[in-house]
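Step one of this worksheet: look at the structure below.
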Amino acid sequence: METVRHSEHTLKTALISENPRLVSQYEKLDAGERRLLNEAFKPDHDLFGPITLHSQSDWIISHPEAPQDFEQFFSDPYRKAPSPDKRSIYIQCIGSLGNTRIISEEYIKWLKGYCEAFFYGLTVKLLEPVPVSATRCSFRVNDNTQNLQIHAGHILKFLKKKKPEDAFCIVGITMIDLYPRDSWNFVFGQASLTDGVGIFSFARYGSDFYSSRYEGRVSKLQKGSSSDYAVFDNYYTPQVTSVLLLRSCKTLTHEIGHIFGLRHCQWLACLMQGSNHLEEADRRPLNLCPICLRKLQCAIGFNIIERYKALVRWIEDESDSPGVSTKRGREGTVDLPKPVDAFKEWKEWIIKCLAVVQK
Ligand SMILES: [Zn+2]
Ligand SMILES: [Zn+2]
């Protein structure tokens, strides 16, 4: 295992920059916030570890990219930031996320709550879920994995048309696998940063996708049936688990991070690290490193303490539907606590960060 280590000077410059205007902007931050952000370059820090490389197929090795420090982010002329009249993130669910309507509805509410805490200060709004047929997208059966796939570019076009006036961005989420073009095997997601539109699939994050037990396989589509969306009726969705929720939250926040203009992080272990495969995505933490956190704070303008507290509240609130009982009248009792087990370690980490900011 290799470790990507940067000098104290490199990390400090990436965070604060040497541009006098940005240095003075940094000095105006709250002292506690600076104490936390400075952990990026403190020699004995333990809150923000280095990036580790485990194989040649890891992202940094296989996709050389220019790194992006705070100053490059700040001065990027193409970067989009929320404005006073465009401060909403819209989530459009395509197809079902769970195998019952109630699970699907709860799942999307958990994701909404998570995004609201993560992008603290913005409003997250849910659009009424739509079936695949509403998007008029092309679809196919994957030759290798035999699961249904929908065309990512067609979904982006559909979302772009639906993007509301007050939207900073609109993101589609689905449990159906995606493909970008005929010659490609699959894609986890696709986005247009200039349009503020993205589509992301969690299909491959279920515990069984790569196993022989996977039940999402279908036989080849009949000729002429490639326009019959009935194949999506009651189509397989993976079982909702804490790990599936964690991976979905991670993907969604990483991808929306790109829409804010954050590029792949090469500084420290960070949510914004690129990932080439599921094992690498799992290794990537849920948190932003200080350099990426400063970028996001600059774009949104949140208070770091309030944002961390909101994330802790989301993890602690297992129902996540304040005032709404999960007991559903005559349908019987539906007890569907938010599966947050996989987030517990992260909660402890946030509490440590809060202690540093509030010292
Ligand atoms: Zn990425
Ligand atoms: Zn980072």
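Residue indices begin at 1 and follow the sequence shown. Note that ligands are numbered from 1 as they come in the structure, with each ligand's atoms numbered from 1 the same way.
- For the pair R79 and F73, the cation-pi criterion (under 6.0 Å, within 45° of the ring axis) is fulfilled.
- For the pair SG of C289 and SG of C292, the angle whose vertex sits at the Zn ion (ligand 2) is 110° to 10 degrees.
- Y26 and N38 share a donor-acceptor pair across their side chains, judged by distance under 3.5 Å alone.
- Note on the Zn ion (ligand 1): protein N/O/S atoms under 2.8 Å are H254 NE2, H258 NE2, H264 NE2.
- For the residue pair S248/Y107, the side-chain donor-acceptor check at 3.5 Å is satisfied.
- Angle subtended at the Zn ion (ligand 2) by C270 SG and C265 SG: 110°, rounded to 10 degrees.
- Formation of a donor-acceptor pair under 3.5 Å by the K338 side chain with backbone atoms of D317 is found in this model.
- Aromatic rings from W349 and F48 are positioned such that their centres are separated by under 6.0 Å.
- The aromatic ring centroids of F139 and H151 lie 6.0 Å or more from each other.
- Under the 3.5 Å distance criterion, with hydrogens and angles disregarded, no donor-acceptor pair is assigned to the side chains of D177 and N142.
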